[in-house]
Number of protein chains: 2
Amino acid sequence: MENGLGAPSKLATQAAEVCLCFHARKASRAITQVFDRILAPTGLKATQLSLLMVVSAREPMRIGDLADALVSDSTTVSRTIKPLIRAGLIQGSIDSEDRRVKIINLSHSGHATLERALPLWQEAQSHIAKRLGGTIVQHLLPALESAAKLGSTDERKQ
Amino acid sequence: MENGLGAPSKLATQAAEVCLCFHARKASRAITQVFDRILAPTGLKATQLSLLMVVSAREPMRIGDLADALVSDSTTVSRTIKPLIRAGLIQGSIDSEDRRVKIINLSHSGHATLERALPLWQEAQSHIAKRLGGTIVQHLLPALESAAKLGSTDERKQ
DNA sequence: ATAATATATGTGCATATACATAAGGTATGG
DNA sequence: CCATACCTTATGTATATGCACATATATTAT
């Protein structure tokens with residue numbers, strides 16, 4: 001009653017249909033694919049452009065600040081900035097006040113690359129907004145923002 | 001006017017605030033973190049449970065079917081099932097009709113593990129639904145479903 | 001029947017993600 | 001002053017993700 005023949009678990013089937021994690025990840029993959037395709041001429045991936053945008057808005061930042069802003073682990077940020085540092089778009093320097101801290105800034109080149117990428121970002125954003133329709137987008141953005149807060153409000157460490 | 005001193009690009013700052021890709025990925029990370037934490041006792045990650053749920057609902061499947069269902073690349077699926085095959089939860093066999101095709105099924109153990117994980121899945125799902133509130137969830141799920149369709153409807157191959 | 005073409009999956013490479021843990025630096029109590 | 005606890009970032013390991021390309025198989029055109 002399990003393999004090939006029997007009916008699939010009804011609960012499992014329903015779970016797949018409403019799972020918030022599954023749907024969030026699927027949607028996130030689809031949206032990222034569109035952004036990556038449109039951003040390809042810039043040499044940036046969608047994830048990297050997001051990083052540049054956040055740093056640009058809030059520099060100077062620490063690794064930990066960035067991790068909080070991205071709802072990501074600081075070990076992840078420590079690595080995801082590496083390709084951008086290697087590419088000369090981001091520079092990291094040790095804080096002279098507290099030498100544990102690495103201070104993150106955009107370089108000249110980083111600012112320039114960001115500005116050059118923004119028109120294509122706008123194109124991707126509009127492309128998706130048009131396909132989804134204004135109503136869905138207006139519901140989606142605030143809902144995503146609420147969901148992103150789950151990490152911080154949640155009893156993460158307990 | 002760019003580094004450390006000057007004001008950040010206003011457009012870049014606004015872009016970060018409304019970027020659908022950034023917010024989708026951030027929300028997806030936050031939700032995945034909650035699921036992963038609650039699912040930890042099962043030994044499954046949220047991504048892996050999703051995979052089991054989809055296969056359970058639609059087995060037997062091909063790699064390509066799975067990729068379509070997940071809005072993922074087939075090369076990605078080809079790899080993401082490997083830990084599950086190694087763990088004995090999924091089995092893949094070559095289709096005798098068309099030997100290019102690999103047929104994916106859940107094993108006994110895969111079905112059992114899935115059933116054992118569903119209560120914790122339910123707990124994670126309810127946990128998040130409660131925190132978000134019914135209104136947001138009711139808007140979020142259909143919006144995510146629309147967004148997931150971007151990949152397929154889009155002029156992906158153009 | 002054989003060559004050209006199309007399709008399904010796998011590999012090489014690069015990035016993204018997170019947990020456990022280590023390494024280095026700071027702060028603090030004795 | 002030093003031992004210890006704490007904080008910040010990096011590393012080891014494992015999985016997730018996708019593009020370019022390779023491989024194997026099937027289909028189609030000549």
Side-chain angles (χ1 to χ4, degrees), chain A residues 21-22 24-37 39-40 43-51 61-68 70-87 89 92-104 151 156-157, chain B residues 21-22 24-37 39-40 43-51 61-68 70-87 89 92-104 151 156-157:
Chain A
C21 185
F22 177 47
R25 291 187 68 91
K26 207 170 32 160
S28 148
R29 280 192 293 268
I31 291 173
T32 302
Q33 284 157 19
V34 174
F35 270 82
D36 276 347
R37 197 159 36 73
L39 290 175
L44 293 171
K45 319 240 283 169
T47 47
Q48 299 175 331
L49 178 58
S50 295
L51 230 154
M61 301 181 79
R62 305 158 156 225
I63 302 274
D65 295 336
L66 246 178
D68 290 345
L70 302 177
V71 191
S72 186
D73 195 277
S74 55
T75 70
T76 298
V77 173
S78 171
R79 287 189 231 247
T80 49
I81 59 170
K82 280 192 183 159
L84 296 171
I85 290 179
R86 218 180 307 130
L89 307 179
S93 53
I94 292 176
D95 184 356
S96 52
E97 309 275 307
D98 182 342
R99 287 177 5 203
R100 293 169 300 184
V101 173
K102 184 189 247 182
I103 299 194
I104 302 301
R156 189 166 29 174
K157 312 287 178 185
Chain B
C21 186
F22 177 46
R25 292 186 68 90
K26 207 170 32 158
S28 148
R29 280 191 293 268
I31 292 172
T32 302
Q33 284 158 19
V34 174
F35 270 81
D36 275 347
R37 196 158 37 74
L39 290 176
L44 293 172
K45 319 240 282 169
T47 47
Q48 299 175 331
L49 178 58
S50 295
L51 229 153
M61 301 182 79
R62 306 158 155 225
I63 300 276
D65 295 337
L66 246 178
D68 290 345
L70 302 177
V71 191
S72 187
D73 195 278
S74 55
T75 69
T76 297
V77 173
S78 171
R79 287 187 233 248
T80 48
I81 60 171
K82 280 193 181 159
L84 296 171
I85 290 179
R86 218 181 307 130
L89 307 179
S93 54
I94 291 175
D95 184 356
S96 53
E97 309 275 308
D98 181 343
R99 289 180 0 207
R100 294 170 300 182
V101 173
K102 183 189 249 180
I103 299 195
I104 303 302
R156 189 165 28 173
K157 314 286 178 185

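Labels below follow one simple rule: chain letters A, B, ... track the order of the sequence lines, proteins then strands, and each chain is numbered from 1.
In this structure, Ile103(B) atom CD1 and dT25(D) atom C1' are separated by 15 Å, rounded to whole Å. Atom CG in Asp98(A) sits about 12 Å away from atom P in dC7(D), given to the nearest Å. Between the CG atom of Leu51(B) and the C1' atom of dT15(D) there is a distance of 12 Å, rounded to whole Å. When the P atom of dA18(C) is taken as reference, atom CG of Leu39(B) falls 15 Å away, rounded to whole Å. In this entry the distance linking NZ of Lys45(B) with P of dA18(C) reads 9 Å, nearest Å. Between the CD1 atom of Ile85(A) and the C1' atom of dA16(C) there is a distance of 16 Å, given to the nearest Å. Between the C1' atom of dG25(C) and the CG atom of Asp95(A) lies a distance of 12 Å, rounded to the nearest Å. In this structure, Asp73(A) atom CG and dA10(D) atom P are separated by 13 Å, rounded to whole Å.
Using modelled atom types, one finds a donor on one side chain and an acceptor on the other under 3.5 Å when comparing Arg25(B) with Thr32(A).
Sequence order on DNA chain C of the closest nucleotides to Ile81(A) and Arg99(A) puts Ile81(A) first from the 5' end. Nearest-nucleotide assignment on DNA chain D puts the 5′-proximal partner with Asp65(A), out of Asp65(A) and Arg86(B).
At a cut-off of 3.5 angstrom, the base of dT13(D) holds at least one donor-acceptor pair with the side chain of Arg79(A). A donor and an acceptor atom sit less than 3.5 Å apart, one in the side chain of Arg100(B) and one in the base of dT7(C).
Side-chain nitrogen and oxygen atoms of Thr80(A) include none within less than 4.0 Å of the OP1 or OP2 phosphate oxygen of dT17(C). When the side-chain nitrogen and oxygen atoms of Lys102(B) are compared with OP1 and OP2 of dG10(C), one or more of them lie within a distance under 4.0 Å. Contact check, Thr75(B) against dG18(D): no side-chain N or O comes under 4.0 Å of OP1 or OP2. OP1 or OP2 of dT17(C) lies within a sub-4.0 Å distance of a side-chain N or O belonging to Arg25(B). An OP1 or OP2 oxygen of dT11(C) is reached within less than 4.0 angstrom by a side-chain nitrogen or oxygen of Lys82(B). Gln48(A) has a side-chain polar atom (N or O) that falls below the 4.0 Å cut-off from OP1 or OP2 of dA16(C). Phosphate contact (OP1/OP2 of dT7(C), side-chain N/O of Arg62(B), threshold under 4.0 Å): absent. Side-chain N/O atoms of Ser74(B) include none lying less than 4.0 angstrom from OP1 or OP2 on dT9(C).
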Inset, instruction - Please step through side-chain contact (heavy atoms from CB on, under 4.5 Å) for the pair Ile104(B) and Asp65(B), ending with a clear verdict. - result: CA-CA 10 Å; Ile104(B) 303 302; Asp65(B) 295 337; over 6 Å; no
Legend entry - Step-by-step side-chain contact (heavy atoms from CB on, under 4.5 Å) determination, Val71(B) to Gln33(A): CA-CA 9 Å; Val71(B) 191; Gln33(A) 284 157 19; 4.0 Å; yes
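A donor-acceptor pair is defined here as one N or O able to donate and one able to accept, closer than 3.5 Å; no such pair exists between the side chain of Gln48(B) and the backbone of Pro83(B). Put simply, the side chain of Ser50(B) gets close to the backbone of Ala46(B): a donor and an acceptor are under 3.5 Å apart.
Nucleic acid contact class of Thr47(B) (heavy atoms, under 4.0 Å, all strands): sugar-phosphate only.
At a threshold of 4.5 Å between non-hydrogen side-chain atoms, the residues Val77(A) and Leu70(A) count as touching.
Between dT17(C), dA26(D), dG18(D), one nucleotide has an atom nearer to the side chain of Arg29(B) than all others, and that is dT17(C).
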